[in-house]
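To start, the structure itself, in structure tokens.
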Amino acid sequence: MTTFAFVFPGQGSQSVGMLSDWGDHPAVRATLEEASAALGEDVARLIAEGPKEALDLTTNTQPVMLTAGIASYRAWLAEGGAAPAMVAGHSLGEYTALVAAGSLTLADALPLVRLRAQAMQDAVPVGTGGMAAILGLDPAAVREGCAKAAAESGEVVEAVNFNDPKQTVIAGSKAGVEHGCVVLKAMGAKRALSLPVSAPFHSSLMKPAAERLRERLVSIDLRTPLIPVLNNVDVAVQTEPDAIRDALYRQAFGAVRWVELVTELKARGMSHVIECGPGKVLSGMVKRIDADLVTTPFYDPATLAAAKALLA
């Protein structure tokens, strides 16, 4: 049997109509009904009709991406797909992974990620923080450039998402990120692209949000995962609920160590890494991190069938 992991995407992979190709699939429909009940609103309509501006609001994006990832996962199981040997998620996707692994219920996870999203937005007023993707520079150089830019400007700018060997995302104050882009381009970065986000996610500026999240996590019923979950912040598998809570708290202001995470999946025996949920972003990252890993996304019935065939 092929040893494979599922990885779940985070914010940025959402799109209006992203579940429409599932039609009236029972597992997807049931998941949407459960999400609507948990949040007290019509989640199916928001996903199907948008508008895009509403779907892209952080407080909506995080719960709808969680819903979409779990809908796809449940459809996989309903169609006879085998359970993965491990799961992981990129940023917000880690919550999806914990639900898939049975550590967290969807009904508990949805209000939790909405609070996470609201706390992140409240921590830094819109327009005062920023993020940028730095292309063509190795991660160590990006860290060095951020430290230089922070020292020169007195602003916060940090490397926060290590997405692949030549793409690292930086975050911080708007002025800090702008100066960081100048410094990193001078150091040889091919491009520095400002990202259309509403807050500097995973930077130290998110610590106030993390504190609010930690307060809520105390009251959330977390169980030992049935499938090992490899987390972002430590690139480690935690089994104790309190350790999982602590990792989720630190993840809010800690870097997403995706390159190390994918490398660790391979080290733990995974030969295939399947992206479960909307989009193809993580599959592309996996290929750029390790070309020997077999990877494919699935997000509708056709790609589900192709993923199952790949694992056969």
Side-chain angles (χ1 to χ4, degrees), residues 2 4-39 41-84 87-101 106-107 109-110 113-114 117 196 272-287 293-312:
T2 304
F4 68 98
F6 268 4
V7 292
F8 297 92
Q11 208 160 331
S13 290
Q14 72 276 3
S15 62
V16 176
M18 60 188 171
L19 293 178
S20 59
D21 286 343
W22 289 108
D24 198 35
H25 193 290
V28 175
R29 184 178 69 248
T31 302
L32 288 168
E33 289 171 355
E34 186 178 346
S36 295
L39 293 173
E41 63 185 78
D42 193 341
V43 174
R45 183 174 181 178
L46 175 61
I47 292 174
E49 301 177 12
K52 184 179 185 299
E53 294 75 20
L55 203 65
D56 288 349
L57 287 172
T58 296
T59 50
N60 287 334
T61 305
Q62 295 199 20
V64 300
M65 281 301 298
L66 169 59
T67 300
I70 291 302
S72 296
Y73 183 69
R74 290 176 175 175
W76 171 269
L77 296 178
E79 296 300 322
V87 291
H90 190 282
S91 186
L92 164 74
E94 189 167 301
Y95 288 79
T96 319
L98 286 164
V99 174
L106 182 62
L110 285 164
V113 299
R114 174 154 279 173
H272 292 56
V273 177
I274 309 298
E275 181 175 6
C276 176
K280 307 175 183 179
V281 172
L282 300 185
S283 302
M285 289 180 188
V286 170
K287 287 176 184 174
L293 284 168
V294 179
T295 183
T296 193
F298 90 85
Y299 44 82
D300 61 16
T303 51
L304 184 152
K308 280 179 68 179
L310 192 67
L311 296 172

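All of these numbers come straight from a predicted model, not from anything done at the bench. Positions are given from 1, in the same order as the sequence printed here.
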Specify the closest pair of heavy atoms between Ala54 and Leu46, including all atoms of both residues, with the distance to one decimal.
-> CB-CD1, 4.0 Å
Sorted by chain and residue number, the side-chain hydrogen bond (donor to acceptor under 3.5 Å, both in side chains) partners of Thr296 (sequence neighbours excluded) come out as none
Under the side-chain hydrogen bond (donor to acceptor under 3.5 Å, both in side chains) rule, collect the residues that match up with Asp56, sequence neighbours excluded.
-> Gln14, Lys52
Specify the closest pair of heavy atoms between Phe6 and Cys276, including all atoms of both residues, with the distance to one decimal.
-> CD2-CB, 4.1 Å
Under the side-chain hydrogen bond (donor to acceptor under 3.5 Å, both in side chains) rule, collect the residues that match up with Thr303, sequence neighbours excluded.
-> Asp300
Interatomic distance, Phe8 atom CZ to Glu275 atom CD [nearest 0.5 angstrom] = 10.5 Å
Val87 and Ala97: which non-hydrogen atoms are nearest, and at how many Å?
-> CG2-O, 3.7 Å
Considering residues at least two apart in sequence or located in another chain, which fulfil the ring pair (Phe, Tyr, Trp, His ring centres under 6.0 Å) criterion with His25?
-> Trp22
What distance do Leu19 atom CG and Ile47 atom CD1 have between them, rounded to the nearest 0.5 Å?
-> 5.0 Å
Got a sec, which residues hit side chain to side chain contact (heavy atoms under 4.5 Å, CB included) with Ala48, two or more places apart in sequence or on another chain?
-> none
Using atom types as modelled, flag every donor-acceptor pair under 3.5 Å from a side chain in residues 304-312 to any protein atom, sequence neighbours excluded.
| from | atom 1 | to | atom 2 | distance (Å) |
| --- | --- | --- | --- | --- |
| Lys308 | NZ | Glu79 | O | 2.5 |

Going by atom type alone, with no hydrogens or angles, which donor-acceptor pairs under 3.5 Å involve a side-chain atom of residues 31-39 and a protein atom two or more places apart or on another chain?
| from | atom 1 | to | atom 2 | distance (Å) |
| --- | --- | --- | --- | --- |
| Thr31 | OG1 | Ala27 | O | 2.7 |
| Thr31 | OG1 | Arg74 | NH1 | 3.2 |
| Glu34 | OE1 | Arg74 | NH1 | 2.9 |
| Glu34 | OE1 | Arg74 | NH2 | 3.3 |
| Ser36 | OG | Leu32 | O | 3.0 |
| Ser36 | OG | Glu41 | O | 3.2 |
| Ser36 | OG | Val43 | N | 3.0 |

From Ser13 OG over to Leu92 CG, what is the distance, rounded to the nearest 0.5 angstrom?
-> 10.0 Å
Pair listing, salt bridge (charged side-chain N to carboxylate O under 4.0 Å, His left out) test, anchored in residues 58-70, at least two apart = none
Minimum heavy-atom distance Gly279-Pro297, with the two atoms named | O-CB, 3.6 Å
Could you list the residues that satisfy side chain to side chain contact (heavy atoms under 4.5 Å, CB included) with Leu77, not counting sequence neighbours?
-> Tyr73
Side chains of Gln11 and Ser91: donor-acceptor distance under 3.5 Å anywhere?
-> no
Rounded distance (nearest 0.5 Å) linking atom NE2 of His90 with atom CE of Met65 = 11.5 Å
dist Thr96:OG1 -> Leu106:CG (nearest 0.5 Å) comes out at 9.0 Å
Tell me the salt bridge (charged side-chain N to carboxylate O under 4.0 Å, His left out) pairs involving residues 12-24, sequence neighbours left out?
-> Asp24-Arg29
Rounded distance [0.5 Å steps], CD in Glu49 versus CG in Asp42 = 8.0 Å
Heavy-atom pair with the smallest gap, counting every atom of Ala109 and Val99 | CB-CG2, 3.6 Å
Check for a donor-acceptor pair, side chain of Trp76 on one end and backbone N or O of Ala71 on the other, with a separation under 3.5 Å.
-> no
Looking only at heavy atoms, which two atoms of Gly277 and Ser72 are closest? And how far apart?
-> CA-OG, 3.9 Å
Report the residues that fulfil ring pair (Phe, Tyr, Trp, His ring centres under 6.0 Å) with Tyr95, sequence neighbours left out, ordered by chain and then residue number.
-> none
Report the C-alpha separation of Leu293 and Lys287 in whole Å, then their side-chain angles, then the decisive distance to 0.1 Å, and conclude whether the side chain to side chain contact (heavy atoms under 4.5 Å, CB included) test is met.
-> CA-CA 7 Å; Leu293 284 168; Lys287 287 176 184 174; over 6 Å; no
Just by distance, do the side chain of Thr295 and the backbone of Ile274 share a donor-acceptor pair under 3.5 Å?
-> no
Residues that Pro196 engages under side chain to side chain contact (heavy atoms under 4.5 Å, CB included), provided they are two or more places apart | none
